[in-house]
J.: 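Have a look at this one.
Just so it is clear, the structure is predicted and the values come from calculations on it, not from any experiment.
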Amino acid sequence: DLIVHVRDVTHPETILQKATVLSVLRNLNLPSHLLDSMVEVHNKVDLIERYKPTEESALAVSALHGHGLEELKQEIEKKILTATGKKILTVNINLEGPQLSWLYKEATVQEVEVMPEDGTARVKVIIGSSAFGRYKNLFPN
């Protein structure tokens, strides 16, 4: 669904390495949308004083120190959701009904926050549009 190209920006041949990787990917005859949506990551930015990416869409990270990793995670999540046609939703459910079980089968449950006082839960899921349509038909409330 997504290509993440991680580069060591401290390497003296980093530009040539990028060109080589892109050439290999093009020769694999990958779908153009995959190449167009590729995430460019510049790693080891902690070793370069005041590093600014030369490519507009590149993300600067330091895997060693954790710098930029949250932004990278958000970008990957956004692109994966776009590529797969899914979305992240939070739904309120009654724990006495079959909704939670259905969501575990038909979606990716990320988080369940139980409200014991009223027997409900707030459930964060990754779900496709058609599955969400089925959910709304099965559980209109």
Side-chain angles (χ1 to χ4, degrees), residues 1-11 13-141:
D1 294 318
L2 180 66
I3 297 172
V4 179
H5 181 205
V6 181
R7 291 172 46 199
D8 174 354
V9 291
T10 65
H11 193 282
E13 299 294 332
T14 188
I15 304 290
L16 181 60
Q17 288 176 335
K18 178 183 177 176
T20 302
V21 167
L22 291 176
S23 175
V24 168
L25 290 173
R26 281 190 207 97
N27 288 336
L28 291 173
N29 294 319
L30 298 173
S32 62
H33 75 273
L34 206 50
L35 294 172
D36 295 340
S37 67
M38 182 168 54
V39 176
E40 177 83 19
V41 180
H42 293 181
N43 191 26
K44 297 187 181 181
V45 298
D46 55 300
L47 300 176
I48 301 173
E49 199 170 321
R50 292 188 207 116
Y51 181 78
K52 291 265 194 258
T54 53
E55 288 109 29
E56 188 178 308
S57 61
L59 297 169
V61 305
S62 167
L64 181 65
H65 297 288
H67 168 78
L69 295 183
E70 189 57 38
E71 292 84 357
L72 175 59
K73 179 183 164 203
Q74 289 172 7
E75 182 68 13
I76 289 171
E77 185 175 86
K78 182 178 85 176
K79 295 229 177 175
I80 289 288
L81 291 173
T82 299
T84 61
K86 294 186 178 182
K87 53 185 109 182
I88 297 176
L89 299 173
T90 300
V91 293
N92 295 314
I93 63 161
N94 182 336
L95 289 171
E96 292 177 3
Q99 292 100 321
L100 187 57
S101 175
W102 190 93
L103 287 169
Y104 270 108
K105 283 186 225 162
E106 301 294 330
T108 302
V109 175
Q110 289 193 308
E111 203 174 287
V112 178
E113 181 185 351
V114 176
M115 296 352 152
E117 61 277 356
D118 64 358
T120 65
R122 194 170 292 124
V123 184
K124 184 178 176 185
V125 295
I126 299 173
I127 192 166
S129 298
S130 63
F132 187 59
R134 290 192 310 274
Y135 177 84
K136 288 193 303 192
N137 285 337
L138 287 167
F139 312 108
N141 297 336

J.: How would you list, by chain and number, every residue that makes a side chain to side chain donor-acceptor pair (under 3.5 Å) with Thr84, sequence neighbours excluded?
T.: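 None.
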J.: Give the minimum heavy-atom separation between Gly68 and Val61, together with the two atoms involved.
T.: O-CG1, 3.6 Å
J.: Do you know which two heavy atoms are closest between Val45 and Ala60, and how far apart they sit?
T.: CG1-CB, 3.8 Å
J.: To the nearest 0.5 angstrom, please state how far the CG atom of Leu30 sits from the CG atom of Asp36.
T.: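 Going from the CG atom of Leu30 to the CG atom of Asp36 covers 11.0 Å.
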J.: How long is the span from the OG1 atom in Thr108 to the CG atom in Leu103, to the nearest 0.5 Å?
T.: 10.5 Å
J.: Going by the rule side-chain contact (heavy atoms from CB on, under 4.5 Å), which residues pair with Leu100 if we only count those two or more places apart in sequence or in a different chain?
T.: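 For Leu100, the residues satisfying side-chain contact (heavy atoms from CB on, under 4.5 Å) (neighbours in sequence not counted) are Ile93, Leu95, Tyr104, Val112, Val123.
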J.: Measuring from atom CD of Glu13 to atom CG of Asp8, what distance do you get when rounded to the nearest 0.5 angstrom?
T.: 12.0 Å
J.: Can you list everything that forms a side-chain contact (heavy atoms from CB on, under 4.5 Å) with Val21? Sequence neighbours excluded, please.
T.: His5, Leu25
J.: With sequence neighbours excluded, tell me which residues meet side-chain contact (heavy atoms from CB on, under 4.5 Å) with Asp46.
T.: Lys44, Ser62, Leu64, His65
J.: How long is the span from the CD atom in Glu40 to the CG atom in Leu59, to the nearest 0.5 Å?
T.: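 Between atom CD of Glu40 and atom CG of Leu59 there are 9.0 Å.
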J.: Suppose we screen for ring pair (Phe, Tyr, Trp, His ring centres under 6.0 Å). Which residues come up paired with Phe132, at least two apart in sequence or across chains?
T.: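 Counting only residues at least two positions away or on another chain, Phe132 forms no ring pair (Phe, Tyr, Trp, His ring centres under 6.0 Å).
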J.: If a pair satisfies salt bridge (charged side-chain N to carboxylate O under 4.0 Å, His left out) and one of its residues is in residues 128-141, list it, with sequence neighbours excluded.
T.: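 Qualifying pairs: Glu106-Arg134.
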J.: Just jot down the side-chain contact (heavy atoms from CB on, under 4.5 Å) partners of Glu113, sequence neighbours excluded, or say none.
T.: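 Per chain and number, Glu113 pairs via side-chain contact (heavy atoms from CB on, under 4.5 Å) with Met115, Arg122.
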J.: If you compare all heavy atoms of Leu34 against all heavy atoms of Leu2, which two are closest, and at what distance to 0.1 Å?
T.: CD1-N, 3.8 Å
J.: Which residue pairs pass the ring pair (Phe, Tyr, Trp, His ring centres under 6.0 Å) test when at least one of the two sits in residues 18-41, sequence neighbours left out?
T.: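 Non-adjacent pairs meeting ring pair (Phe, Tyr, Trp, His ring centres under 6.0 Å): zero.
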J.: Applying side chain to side chain donor-acceptor pair (under 3.5 Å), can you list everything that pairs with Asp118, at least two apart in sequence or on another chain?
T.: Thr120
J.: Does anything in residues 53-66 pair up under salt bridge (charged side-chain N to carboxylate O under 4.0 Å, His left out), and if so which pairs, sequence neighbours excluded?
T.: Arg7-Glu55, Lys18-Glu55
J.: Report the relative orientation of the aromatic rings in Trp102 and Tyr135; use parallel for angles under 30°, tilted for 30 to 60°, perpendicular for over 60°.
T.: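 Tilted: the ring planes of Trp102 and Tyr135 meet at 30° to 60°.
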J.: Counting only heavy atoms not in Glu117, do more than 12 sit closer than 6.0 Å to its CD atom?
T.: yes
J.: Can you see which heavy atom on Asn137 is nearest to which on Pro140, and at what distance?
T.: O-CD, 3.9 Å
J.: Return all side-chain donor-acceptor pairs below 3.5 angstrom for residues 74-82, not counting sequence neighbours, or 'none' if the list is empty.
T.:
| from | atom 1 | to | atom 2 | distance (Å) |
| --- | --- | --- | --- | --- |
| Glu75 | OE1 | Lys78 | NZ | 3.4 |
| Lys79 | NZ | Ser37 | O | 3.2 |
| Thr82 | OG1 | Lys78 | O | 3.0 |

